[in-house]
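Only one structure is covered here, and it is reproduced in the block below.
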Amino acid sequence: MPETRLSLIALAGMPLVRPGDRLEALIGAALEANGVALADGDVVVVAQKIVSKAEGRSVALDGVAPSARALQLAAETGKDPRLVELILSESVRVVRHRPQLIIVEHRRGHVMANAGIDHSNVEPEGGERVLLLPEDPDASA
């Protein structure tokens with residue numbers, strides 16, 4: 001029976017990803033700098049966040065105008081109405097909600113919290129920003 005092994009290698013030196021960056025080039029350079037050579041069967045795992053950054057899926061909350069529906073749901077959940085508007089715009093339906101949480105069916109068919117919108121560790125670049133999921137994850141992969 002062939003040996004089965006799992007190794008996880010975090011690549012040191014990955015730069016901050018910016019809109020328009022070519023992830024394959026950044027990852028290739030980081031692999032080389034870390035002395036890692038990929039072999040047949042290897043799998044490279046990439047966080048959604050850097051794909052969204054490279055694809056320019058960052059949105060400034062200052063430019064979002066909440067709808068009446070977003071204002072109502074924001075009042076019920078205690079969330080920022082601008083964020084709620086983005087959650088609604090990325091979703092086909094709200095499955096359920098409670099204070100500080102909105103579970104939705106994303107337009108890609110996944111059921112998830114807050115439509116997968118991420119605002120942790122996002123560079124402000126002129127105001128509070130959030131990251132949306134990639135437009136077409138299959139094409140991104």
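Just so you know, these numbers use all the heavy atoms, side chains as well, and skip hydrogens, waters and symmetry mates.
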Which heavy-atom pair separates K79 from A74 by the least distance, and what is that distance?
O-CB, 3.2 Å
Please examine the side chains of M14 and I27, heavy atoms only from C-beta on, and report whether any two atoms are closer than 4.5 Å.
yes
Answer yes if L26 and V44 sit in the same cluster of Ile, Leu, Val, Met, Phe, Trp and Tyr residues linked by side chain heavy atoms under 4.5 Å apart, and no otherwise.
yes
I87, I103: one ILVMFWY side-chain cluster at the under-4.5 Å cut-off?
no
Report the C-alpha separation of D118 and K49 in whole Å, then their side-chain angles, then the decisive distance to 0.1 Å, and conclude whether the side-chain contact (heavy atoms from CB on, under 4.5 Å) test is met.
CA-CA 8 Å; D118 185 355; K49 180 177 278 190; 2.8 Å; yes
Does the side chain of L86 reach to within under 4.5 Å of the side chain of V130, using non-hydrogen atoms?
yes
State whether the number of non-hydrogen atoms from other residues, nucleotides or ligands found under 6.0 Å of H106 atom NE2 is greater than 12.
yes
Quick check: do V64 and V59 have side-chain heavy atoms less than 4.5 Å from each other?
yes
Determine, for D62 against R82, whether the closest basic-nitrogen to carboxylate-oxygen distance falls under 4.0 angstrom.
yes
Go through it in stages, so that I can follow the logic: the residues are R57 and E55, the test is salt bridge (Lys or Arg N to Asp or Glu O under 4.0 Å), and I'd like the CA-CA distance, side-chain angles, deciding distance and then a yes or no.
CA-CA 6 Å; R57 297 283 290 155; E55 293 180 357; 5.5 Å; no
Starting from the C-alpha separation in whole Å, work towards a yes-or-no answer on side-chain contact (heavy atoms from CB on, under 4.5 Å) for L88 and V94.
CA-CA 8 Å; L88 293 174; V94 174; 3.7 Å; yes
Quick one: closest heavy-atom pair of L132 and S52, and the distance?
O-OG, 2.7 Å
Heavy atoms, side chains only, cut-off 4.5 Å: are R107 and S89 in contact?
no
Closest non-hydrogen atom pair, D42 against A37
OD2-O, 4.1 Å
A quick test of your reading: do over 12 heavy atoms of other residues, nucleotides or ligands sit less than 6.0 Å from CD of E76?
yes
Would you mind reporting whether L38 and L31 have side-chain heavy atoms less than 4.5 Å apart?
yes
State, yes or no, whether a side-chain contact exists between P134 and Q48 at a heavy-atom distance under 4.5 Å.
yes
Would you call M112 and L133 a side-chain contact if the rule is heavy atoms closer than 4.5 Å?
yes
For residues H97 and L73, determine if any side-chain heavy atom of one lies less than 4.5 Å from a side-chain heavy atom of the other.
yes
Can you confirm whether more than 12 heavy atoms, excluding those of R69, are under 6.0 Å from its CZ atom?
no
When rounded to the nearest 0.5 Å, the distance separating CG of L61 from CZ of R129 is 9.0 Å
Please determine if E135 and R108 form a salt bridge, counting it only when a charged side-chain N lies under 4.0 Å from a carboxylate O.
no
Measuring from N34:CG to L11:CG, what's the distance to the nearest 0.5 Å?
5.0 Å
Heavy-atom closest pair (A54 atom, D21 atom, distance to 0.1 Å) is CB-O, 3.6 Å
Determine, using the 4.5 Å side-chain heavy-atom cutoff (strictly less than), whether L23 and V36 are members of one ILVMFWY cluster.
yes
Of the non-hydrogen atoms in A115 and S91, which two are nearest, and what is the gap between them?
CB-OG, 3.7 Å
Are V104 and L101 connected, step by step, through hydrophobic side chains (Ile, Leu, Val, Met, Phe, Trp, Tyr) whose heavy atoms are closer than 4.5 Å?
no
Does V17 share a hydrophobic cluster with L131, counting links as ILVMFWY side-chain heavy atoms below 4.5 Å and allowing steps through other members?
no
Write down the atom of E85, the atom of A70, and the distance for their closest heavy-atom approach.
OE1-CB, 3.3 Å
